[in-house]
Amino acid sequence: MPRCSGSTRLLLVVSLGLDTFVTDPICDLAITTDGFRRCGELVGTLGLPTVVLQEGGYDVAALGENVRHWLLGLCAGAGC
């Protein structure tokens, strides 16, 4: 995330679109549950207070795990 690194930003707002999941019925992408974790981890490395807004996601059975993994990654990246 070079664009955000070294910035003087005080807060990061993430629009977490979970309709990018590999088995989402309207998805053209193929992000896996582990991919969500890695994305969250990348965001966490920025060390910014972060607000996460969940949107999208139509593979209802997978939503909870994908959110959980993204947040676990966020925490791991932030060192908590």
Side-chain angles (χ1 to χ4, degrees):
M1 303 199 114
R3 227 175 187 172
C4 294
S5 297
S7 71
T8 57
R9 306 292 188 255
L10 301 176
L11 175 72
L12 179 66
V13 178
V14 174
S15 176
L16 180 58
L18 296 168
D19 51 1
T20 54
F21 187 54
V22 65
T23 60
D24 192 281
I26 67 163
C27 178
D28 290 334
L29 300 173
I31 298 177
T32 62
T33 299
D34 186 60
F36 281 116
R37 183 199 54 77
R38 290 182 290 154
C39 290
E41 190 171 354
L42 257 175
V43 172
T45 64
L46 296 173
L48 294 171
T50 304
V51 174
V52 181
L53 306 171
Q54 180 188 333
E55 62 169 301
Y58 305 95
D59 181 348
V60 178
L63 280 176
E65 276 301 292
N66 289 336
V67 170
R68 186 171 81 80
H69 278 79
W70 197 93
L71 292 172
L72 287 171
L74 179 71
C75 190
C80 47

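Model, not experiment: these values are computed from the prediction. Heads up: numbering here begins at 1 and tracks the sequence. The figures that follow rest on heavy atoms only: side chains count, while hydrogens, waters and symmetry mates do not.
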For residues 25-33, run the donor-acceptor check on the side chains, cut-off 3.5 Å, and write out each pair with its distance to 0.1 Å, sequence neighbours left out.
| from | atom 1 | to | atom 2 | distance (Å) |
| --- | --- | --- | --- | --- |
| Thr32 | OG1 | Gly35 | N | 3.0 |
| Thr33 | OG1 | Asn66 | OD1 | 2.7 |

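- The side-chain contact (heavy atoms from CB on, under 4.5 Å) test applied to Val51 returns Leu11, Val13, Leu53, not counting sequence neighbours.
- Rounded to the nearest 0.5 Å, atoms NE2 (His69) and CG (Leu74) are 14.0 Å apart.
- Between Arg68 and Glu65 a salt bridge is recorded (basic side-chain N to carboxylate O distance below 4.0 Å).
- Checked options Val67, Thr20, Leu71, Leu72; the residue passing with Phe36 is Thr20 (criterion: side chain to side chain contact (heavy atoms under 4.5 Å, CB included)).
- Using a 4.5 Å cut-off on side-chain heavy atoms (C-beta onward), Leu18 and Trp70 make no contact.
- For the atom pair CG (Leu12) and OG1 (Thr50), the distance works out to 4.5 Å, reported to the nearest 0.5 Å.
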